[in-house]
Amino acid sequence: MAKELTPRSENYSQWYNDLVVKADLAENSAVRGCMVIKPYGYAIWEKMQAELDRMFKETGHSNAYFPLFIPKSFFSKEASHVEGFAKECAVVTHYRLMNDPNGKGIIVDPDAKLEEELIVRPTSETIIWSTYKNWIQSYRDLPILVNQWANVVRWEMRTRLFLRTTEFLWQEGHTAHATSQEAIAETEQMVNVYANFAEQFMALPVIKGSKSANERFAGALETYTIEALMQDGKALQSGTSHYLGQNFAKAFDVKFASKEGNVEFVWGSSWGVSTRLMGALIMAHSDDNGLVLPPKLAPFQVVIVPIYKNEEQLAAISEKVNSIVTKLRSVGISVKYDNNDNKKPGWKFAEYELKGVPVRIAIGPRDLENGTVEVARRDTLEKQVVSMENIELYVQQLLNDIQDNIFNKAIIFRKEMTTPVDTYDEFKEVLQNKGGFILAHWDGTSETEQMIKDETKATIRCIPFDQVPEEGTCMYSGKPSKGRVIFALSY
RNA sequence: CGGGGUGUAGCGCAGCCUGGUAGCGUGCGUCGUUCGGGACGACGAGGUCGUCGGUUCAAAUCCGGUCACCCCGACCA
């Protein structure tokens, strides 16, 4: 066994790291905190991008591209925004290198200092709103519904493949509207798009809700989030959508003439998901044998492994396989035929299990005689010998079953790992011994949330949209509360 | 930035305490036998032991400096 994973029960975090590397998704690069996303991992990201991009366009958005660099002065224009990002910005100060006069390689040319430093974007609100100022004069120019696919840099202290890297890939939508109602509707629409994507494609159940003031995006009036629960009982913020009010319009003086002839500031939203979704996908479904991918996002949904003793057998099998491949593709199933002669079937079985391919078809001499194939599903590891007749319909149904099954499993897990508590002692007990989402009453103040965070590291993941109204008292302060919020330890 | 740890073959590690021929697993190459759950045998290629300096007849090993990376904390999508 060349590629054994650390079991989850032994060390969940190690399991995750092992899995990312051994399933060939990504690896650490020569640059501190930055990862190389390998072809197999990138293929999954491309699948996610394709679906999200389609969903954005269906809701009326267009893609555009803004600069990687942001003049430093732009950042100071929105006070809470700079406050939130200042500590993690990479800064470009020079534009030229030169040979070291002391002969020790290459140094930064001290004469090539920039007049104004450039920030490598940690997010693009500032550069985009400075641009929108030029695009908007009248209500007729609104709304602007733009998305960009980009990389951003946040100089984090500690990084983990996909979950938190110094540079990461994401999309950021930035919209401008004539009314606050419209901007809020957009913010809500996009958090719903994210939730639908997570649940329908990633098979990842999420809870939609609002962030508390402490956890809100720097510069937003309101942050909506989708929160997912990982197998170790920790929460992962998987996507956010921010209602910006007129904050950035005021900071960058973006005004429009309304229908009534008044000059008003524009209302905004921004929303994003990142390669962190890869981390969520990996952790949500995978097991000690490796990755488990939802069929809708797998780079290939079916792998076919031939079993043979000699060239003639392989030729006979390959002929059958070709017809199977054609049939599968005809119903839109993606297939890889692995006839690599350098690896044995056993090796291939283990390898594709590790890589999370949803369905494996093995075909050997026995099958040729019987007109059958062996079909194995990754989620349950069950194997079944089925007829080659109508194989495409069987596999199509199986892929649907797998997609549903892993989603249902995740829902059941979340249900088991969601615990209502009424006292702070109970809260600490559950947090320590069980983890997961904890539903508790909170008095609504930042102070209380901060105290709980300082004492337990748990934060309010969100105030759920579907919060049940319920009179209660804050577990920490005893003050009145009108409903439970979700606490958890988080990534 | 505080605490801990590690740099030796592509990868994972042993050797260091007690200085004296550079070692194991895996991976890689060739050949043969294998092939329905990570095959086996034979032969072979591959390392100025992170780096700079010191001690010594002799340094992977002892001493000092330095660099890099990893883990735990504070920060975070």
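Reminder, nothing fancy here: chain letters follow the sequence lines and each chain counts from 1. Owing to the predicted nature of the structure, the values given are computational and were not obtained by experimental measurement.
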Participant: Salt bridge (charged side-chain N to carboxylate O under 4.0 Å, His left out): which pairs involve residues 31-53 of chain A, sequence neighbours left out?
Facilitator: A:Asp24-A:Lys38, A:Glu27-A:Lys38, A:Glu51-A:Arg54, A:Asp53-A:Lys57
Participant: With rounding to the closest Å, how many angstrom separate the C1' atoms on B:C17 and B:U33?
Facilitator: 47 Å
Participant: If you draw the axis of the six-membered ring of A:Phe349, does the NZ or CZ of A:Arg360 fall within 45° of it and under 6.0 Å from the ring centre?
Facilitator: yes
Participant: For B:U8 versus B:C13, give the span between their C1' atoms, rounded off to a whole number of Å.
Facilitator: 9 Å
Participant: Looking for any heavy atom pair under 4.0 Å, which part of the strands does A:Asp367 touch: base, sugar-phosphate only, or nothing?
Facilitator: base
Participant: With rounding to the closest Å, how many angstrom separate the P atoms on B:C71 and B:U30?
Facilitator: 37 Å
Participant: Is it true that the NZ or CZ of A:Lys355 lies under 6.0 Å from the centre of A:Tyr352's six-membered ring and within 45 degrees of the ring axis?
Facilitator: no
Participant: For the P atoms, the ones on B:C69 and on B:G37, what distance do you get once it is rounded to whole angstrom?
Facilitator: 45 Å
Participant: Could you give the distance separating B:G38 and B:C43 at their C1' atoms, to the nearest angstrom?
Facilitator: 24 Å
Participant: Between B:A77, B:G36, B:A74, which one does the side chain of A:Ile307 approach most closely?
Facilitator: B:G36
Participant: If you count the non-hydrogen atoms of other residues, nucleotides and ligands that lie under 6.0 Å from NZ in A:Lys296, is the total more than 12?
Facilitator: yes
Participant: Select base, sugar-phosphate, or nothing to describe what A:Gln237 touches, counting heavy atoms under 4.0 Å on all strands.
Facilitator: sugar-phosphate
Participant: Between the side-chain atoms of A:Lys383 and the base atoms of B:G37, is any donor-acceptor pair under 3.5 Å?
Facilitator: yes
Participant: Using centres under 5.5 Å plus planes under 30 degrees as the test, is A:Trp170 stacked with B:A77?
Facilitator: no
Participant: Of A:Val31 and A:Pro365, whose nearest nucleotide on RNA chain B comes first from the 5' end?
Facilitator: A:Pro365
Participant: Is the distance from OP1 or OP2 of B:G38 to the nearest side-chain N or O of A:Lys344 less than 4.0 Å?
Facilitator: no
Participant: Counting the atoms with a prime plus P, OP1 and OP2 as sugar-phosphate, which does A:Lys87 contact under 4.0 Å by heavy atoms, base, sugar-phosphate, or nothing?
Facilitator: nothing
Participant: Counting any heavy atom closer than 4.0 Å, what does A:Arg160 reach on the DNA or RNA strands: base, sugar-phosphate only, or nothing?
Facilitator: nothing
Participant: Can you tell me, in whole Å, how much space there is between the P of B:G64 and that of B:G5?
Facilitator: 15 Å
